[in-house]
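Contents: one structure, followed by commentary.
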Amino acid sequence: MKIILLGAPGAGKGSQAAIITEKYGIPHISTGDVLRANIKQGTELGKFAKEYLDKGELVPDEVVVDIVANRIKEEDCKKGFLLDGFPRTIEQAKALDKLTEIDIVINIVVDFDLIIDRITGRRMCACGATYHITTYSSDTCKACGGKLYQRKDDTVETVANRLEVYNKQTAPLIEYYKNKGILKDVNGSISIQATFEQVQKLLE
Ligand code: AMP
(Lines give C-alpha, C1' and ligand atoms only; values in the text may rest on other atoms or scores of the structure.)
Protein backbone atom coordinates (compact mmCIF):
# COMPACT_ATOMS: atom_id res chain seq x y z
CA MET A 1 0.00 0.00 0.00
CA LYS A 2 1.40 3.39 -1.04
CA ILE A 3 -0.05 6.12 1.12
CA ILE A 4 0.24 9.91 1.24
CA LEU A 5 -0.69 11.77 4.41
CA LEU A 6 -1.89 15.25 3.63
CA GLY A 7 -2.80 17.97 6.11
CA ALA A 8 -1.77 21.37 7.45
CA PRO A 9 1.15 21.64 9.87
CA GLY A 10 -0.13 20.42 13.23
CA ALA A 11 -2.90 18.30 11.70
CA GLY A 12 -1.33 15.23 13.28
CA LYS A 13 0.41 13.70 10.26
CA GLY A 14 3.41 12.58 12.31
CA SER A 15 1.26 10.94 15.01
CA GLN A 16 -0.89 9.08 12.48
CA ALA A 17 2.19 8.12 10.45
CA ALA A 18 3.79 6.48 13.47
CA ILE A 19 0.71 4.32 14.17
CA ILE A 20 0.00 3.43 10.53
CA THR A 21 3.57 2.42 9.69
CA GLU A 22 3.84 0.32 12.84
CA LYS A 23 0.51 -1.42 12.25
CA TYR A 24 1.00 -2.08 8.51
CA GLY A 25 4.77 -2.65 8.59
CA ILE A 26 5.65 -0.10 5.92
CA PRO A 27 8.41 2.55 6.02
CA HIS A 28 7.61 6.08 7.19
CA ILE A 29 9.13 8.63 4.82
CA SER A 30 9.07 12.15 6.22
CA THR A 31 10.92 14.71 4.12
CA GLY A 32 10.91 17.05 7.15
CA ASP A 33 12.67 14.36 9.25
CA VAL A 34 15.24 13.75 6.51
CA LEU A 35 15.97 17.48 6.24
CA ARG A 36 16.23 17.91 10.03
CA ALA A 37 18.59 14.92 10.28
CA ASN A 38 20.80 16.49 7.59
CA ILE A 39 20.80 19.82 9.42
CA LYS A 40 21.81 18.06 12.63
CA GLN A 41 24.63 16.19 10.90
CA GLY A 42 25.82 19.37 9.17
CA THR A 43 25.73 17.88 5.64
CA GLU A 44 25.77 20.07 2.53
CA LEU A 45 22.06 19.37 2.10
CA GLY A 46 21.46 20.36 5.73
CA LYS A 47 23.38 23.62 5.34
CA PHE A 48 21.37 24.44 2.24
CA ALA A 49 17.97 23.53 3.75
CA LYS A 50 18.39 25.14 7.18
CA GLU A 51 17.46 28.66 6.12
CA TYR A 52 14.20 27.46 4.55
CA LEU A 53 13.18 25.42 7.58
CA ASP A 54 13.99 28.24 10.01
CA LYS A 55 11.69 30.59 8.09
CA GLY A 56 8.95 28.03 7.54
CA GLU A 57 9.48 28.21 3.76
CA LEU A 58 9.47 25.19 1.46
CA VAL A 59 12.84 23.94 0.24
CA PRO A 60 13.00 23.83 -3.58
CA ASP A 61 10.98 21.05 -5.23
CA GLU A 62 13.95 19.34 -6.90
CA VAL A 63 15.67 18.86 -3.52
CA VAL A 64 12.78 16.98 -1.90
CA VAL A 65 11.84 15.11 -5.08
CA ASP A 66 15.40 13.81 -5.18
CA ILE A 67 15.21 12.66 -1.54
CA VAL A 68 11.94 10.79 -2.16
CA ALA A 69 13.00 9.35 -5.53
CA ASN A 70 16.08 7.79 -3.93
CA ARG A 71 14.30 6.60 -0.82
CA ILE A 72 11.41 4.81 -2.54
CA LYS A 73 13.86 2.83 -4.69
CA GLU A 74 15.10 1.04 -1.58
CA GLU A 75 14.22 -2.58 -0.93
CA ASP A 76 11.99 -1.92 2.11
CA CYS A 77 9.69 0.26 -0.02
CA LYS A 78 8.81 -2.59 -2.38
CA LYS A 79 5.78 -3.55 -0.27
CA GLY A 80 4.64 0.06 0.04
CA PHE A 81 5.40 3.16 2.08
CA LEU A 82 3.86 6.15 3.74
CA LEU A 83 4.78 9.67 2.66
CA ASP A 84 4.44 12.30 5.39
CA GLY A 85 4.98 15.94 4.39
CA PHE A 86 5.52 15.12 0.73
CA PRO A 87 4.27 16.18 -1.77
CA ARG A 88 3.70 19.77 -0.71
CA THR A 89 3.32 21.43 -4.10
CA ILE A 90 1.60 20.50 -7.36
CA GLU A 91 5.05 20.26 -8.99
CA GLN A 92 6.14 17.69 -6.39
CA ALA A 93 2.91 15.72 -6.92
CA LYS A 94 3.49 15.64 -10.68
CA ALA A 95 7.08 14.49 -10.16
CA LEU A 96 5.83 11.75 -7.83
CA ASP A 97 3.29 10.61 -10.44
CA LYS A 98 6.22 9.93 -12.77
CA LEU A 99 7.99 7.84 -10.13
CA THR A 100 5.18 5.62 -8.81
CA GLU A 101 1.44 5.09 -8.41
CA ILE A 102 -0.13 6.11 -5.09
CA ASP A 103 -3.06 4.05 -3.76
CA ILE A 104 -4.62 6.49 -1.31
CA VAL A 105 -4.22 10.06 -0.07
CA ILE A 106 -5.47 10.56 3.46
CA ASN A 107 -6.28 14.20 4.11
CA ILE A 108 -6.32 15.02 7.83
CA VAL A 109 -8.74 17.90 8.32
CA VAL A 110 -8.31 20.05 11.43
CA ASP A 111 -9.98 23.29 12.56
CA PHE A 112 -7.49 26.10 12.00
CA ASP A 113 -7.89 27.54 15.50
CA LEU A 114 -6.69 24.23 16.95
CA ILE A 115 -3.57 24.17 14.83
CA ILE A 116 -1.72 27.14 16.35
CA ASP A 117 -2.27 25.76 19.85
CA ARG A 118 -1.15 22.29 18.81
CA ILE A 119 2.03 23.43 17.11
CA THR A 120 3.21 26.00 19.62
CA GLY A 121 2.55 23.60 22.52
CA ARG A 122 4.29 20.70 20.80
CA ARG A 123 7.44 19.27 22.36
CA MET A 124 9.62 16.65 20.70
CA CYS A 125 12.13 14.01 21.70
CA ALA A 126 15.02 12.85 19.51
CA CYS A 127 13.52 9.30 19.69
CA GLY A 128 10.50 10.50 17.68
CA ALA A 129 8.00 10.82 20.55
CA THR A 130 5.92 14.00 20.63
CA TYR A 131 4.02 15.59 23.50
CA HIS A 132 1.82 18.60 24.18
CA ILE A 133 2.47 20.91 27.10
CA THR A 134 -1.17 20.83 28.23
CA THR A 135 -1.18 17.03 28.66
CA TYR A 136 2.47 16.43 29.61
CA SER A 137 4.33 18.87 31.84
CA SER A 138 7.69 17.11 32.30
CA ASP A 139 10.65 18.02 30.09
CA THR A 140 11.84 14.40 29.95
CA CYS A 141 10.60 11.83 27.43
CA LYS A 142 8.61 9.05 29.07
CA ALA A 143 9.62 6.59 26.35
CA CYS A 144 13.42 7.01 26.46
CA GLY A 145 14.28 9.59 29.14
CA GLY A 146 15.61 12.06 26.53
CA LYS A 147 15.33 15.81 26.99
CA LEU A 148 12.30 17.32 25.24
CA TYR A 149 12.72 20.35 23.01
CA GLN A 150 10.60 22.67 20.88
CA ARG A 151 11.17 22.54 17.12
CA LYS A 152 12.67 25.81 15.97
CA ASP A 153 9.87 26.26 13.44
CA ASP A 154 7.12 25.55 16.00
CA THR A 155 7.19 29.11 17.39
CA VAL A 156 4.26 31.54 17.02
CA GLU A 157 6.29 33.69 14.59
CA THR A 158 7.07 30.83 12.18
CA VAL A 159 3.71 29.05 12.42
CA ALA A 160 1.84 31.91 10.75
CA ASN A 161 4.15 31.69 7.75
CA ARG A 162 3.93 27.90 7.61
CA LEU A 163 0.14 28.10 7.52
CA GLU A 164 0.26 30.69 4.76
CA VAL A 165 2.65 28.49 2.79
CA TYR A 166 0.29 25.55 3.35
CA ASN A 167 -2.76 27.51 2.10
CA LYS A 168 -1.02 28.78 -0.99
CA GLN A 169 1.14 25.86 -2.03
CA THR A 170 -0.10 22.65 -0.40
CA ALA A 171 -3.89 23.02 -0.10
CA PRO A 172 -4.29 22.88 -3.93
CA LEU A 173 -3.18 19.23 -3.67
CA ILE A 174 -6.58 18.41 -2.16
CA GLU A 175 -8.25 19.22 -5.48
CA TYR A 176 -5.44 17.52 -7.41
CA TYR A 177 -5.94 14.18 -5.65
CA LYS A 178 -9.74 14.57 -5.48
CA ASN A 179 -9.71 14.74 -9.27
CA LYS A 180 -7.72 11.51 -9.37
CA GLY A 181 -10.38 9.89 -7.14
CA ILE A 182 -7.93 8.76 -4.43
CA LEU A 183 -8.45 11.46 -1.76
CA LYS A 184 -10.14 10.50 1.52
CA ASP A 185 -10.81 12.96 4.37
CA VAL A 186 -10.51 12.09 8.05
CA ASN A 187 -11.33 14.31 11.00
CA GLY A 188 -8.10 15.27 12.78
CA SER A 189 -9.68 17.56 15.38
CA ILE A 190 -10.43 14.61 17.65
CA SER A 191 -8.08 12.31 19.58
CA ILE A 192 -5.15 10.56 17.87
CA GLN A 193 -6.79 7.18 18.45
CA ALA A 194 -10.20 8.30 17.15
CA THR A 195 -8.58 9.72 14.02
CA PHE A 196 -6.65 6.48 13.54
CA GLU A 197 -9.91 4.48 13.72
CA GLN A 198 -11.15 6.44 10.69
CA VAL A 199 -7.86 5.85 8.90
CA GLN A 200 -8.02 2.14 9.64
CA LYS A 201 -11.50 1.87 8.11
CA LEU A 202 -10.16 3.45 4.93
CA LEU A 203 -7.19 1.11 4.75
CA GLU A 204 -9.16 -2.10 5.31
P1 AMP B 1 7.54 19.00 8.40
O2 AMP B 1 8.37 18.28 9.39
O3 AMP B 1 6.87 18.12 7.40
O4 AMP B 1 6.58 19.98 9.06
O5 AMP B 1 8.55 19.91 7.55
C6 AMP B 1 9.34 20.91 8.16
C7 AMP B 1 9.95 21.82 7.10
O8 AMP B 1 10.77 21.05 6.21
C9 AMP B 1 8.97 22.55 6.21
O10 AMP B 1 8.46 23.74 6.79
C11 AMP B 1 9.85 22.83 4.99
O12 AMP B 1 10.76 23.88 5.24
C13 AMP B 1 10.67 21.55 4.87
N14 AMP B 1 9.97 20.51 4.07
C15 AMP B 1 9.56 19.28 4.48
N16 AMP B 1 8.96 18.60 3.49
C17 AMP B 1 9.00 19.41 2.41
C18 AMP B 1 8.54 19.30 1.07
N19 AMP B 1 7.86 18.22 0.65
N20 AMP B 1 8.76 20.34 0.23
C21 AMP B 1 9.43 21.44 0.62
N22 AMP B 1 9.87 21.63 1.88
C23 AMP B 1 9.67 20.62 2.77
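Throughout, numbering of the chain's residues begins at 1 and tracks the sequence. Counting starts at 1 for both ligands and their atoms, in listed order.
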Under 4.5 Å side-chain linkage, directly or through intermediates, the cluster mates of L148:
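Besides L148, the cluster holds Y131, Y136.
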Measure from the side-chain N and O atoms of D154 to the backbone N and O of Q150, and report whether any donor-acceptor pair falls under 3.5 Å.
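Judged by distance alone, no pair lies under 3.5 Å.
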Of [options], which meets side-chain contact (heavy atoms from CB on, under 4.5 Å) against [X]?
{"X": "L45", "options": "V59, V63, I39", "result": "V63"}
{"X": "Q16", "options": "L5, V186, D84", "result": "L5"}
{"X": "F81", "options": "V68, I3, T100", "result": "T100"}

Please determine whether any non-hydrogen atom of R36 lies less than 4.0 Å from an atom of ligand 1.
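It does, in that a heavy atom of R36 comes within the 4.0 Å cut-off of ligand 1.
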Whether K13 lies under 4.0 Å from ligand 1, heavy atom
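K13: no contact with ligand 1 (<4.0 Å).
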For [atom], the protein heavy atom that lies nearest, with its residue and separation:
{"atom": "atom 13 (C) of ligand 1", "result": "L35 CD1, 3.6 Å"}
{"atom": "atom 9 (C) of ligand 1", "result": "R88 NH2, 3.8 Å"}
{"atom": "atom 22 (N) of ligand 1", "result": "V59 N, 3.1 Å"}
{"atom": "atom 16 (N) of ligand 1", "result": "T31 OG1, 2.8 Å"}

For K79, check salt bridge (charged side-chain N to carboxylate O under 4.0 Å, His left out) against everything at least two apart and list the hits.
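With neighbours one apart ignored, the set is empty.
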Going through the distances and angles, do Y176 and D97 end up as a side-chain hydrogen bond (donor to acceptor under 3.5 Å, both in side chains)?
CA-CA 12 Å; Y176 182 85; D97 283 343; 2.4 Å; yes
Would Q198 and N187 count as a side-chain hydrogen bond (donor to acceptor under 3.5 Å, both in side chains) here? Give the steps.
CA-CA 8 Å; Q198 296 174 47; N187 178 3; 5.5 Å; no
Between T158 and D153, is a side-chain hydrogen bond (donor to acceptor under 3.5 Å, both in side chains) present by the stated rule, with each step listed?
CA-CA 6 Å; T158 313; D153 59 349; over 6 Å; no
With heavy atoms of [X] as the reference, note each atom of ligand 1 found under 4.0 Å away.
{"X": "G32", "answer": "2 (O), 5 (O), 15 (C), 16 (N)"}
{"X": "R162", "answer": "4 (O)"}
{"X": "Q92", "answer": "18 (C), 19 (N), 20 (N), 21 (C)"}
{"X": "E57", "answer": "11 (C), 12 (O)"}

What part of L58 sits under 4.0 Å from ligand 1 if we count only heavy atoms: the side chain, the backbone, both or neither?
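Near ligand 1, L58 shows its backbone as well as its side chain.
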Check R151 against ligand 1 and report side chain, backbone, both or neither, counting heavy atoms closer than 4.0 Å.
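Just the side chain.
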Heavy atoms only: which of L96, V68, L53 is nearest to atom 8 (O) of ligand 1?
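Shortest heavy-atom distance from atom 8 (O) of ligand 1: L53.
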Is P87 close to ligand 1, meaning an N/O of one under 3.5 Å from an N/O of the other?
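No, no N or O pair falls under 3.5 Å.
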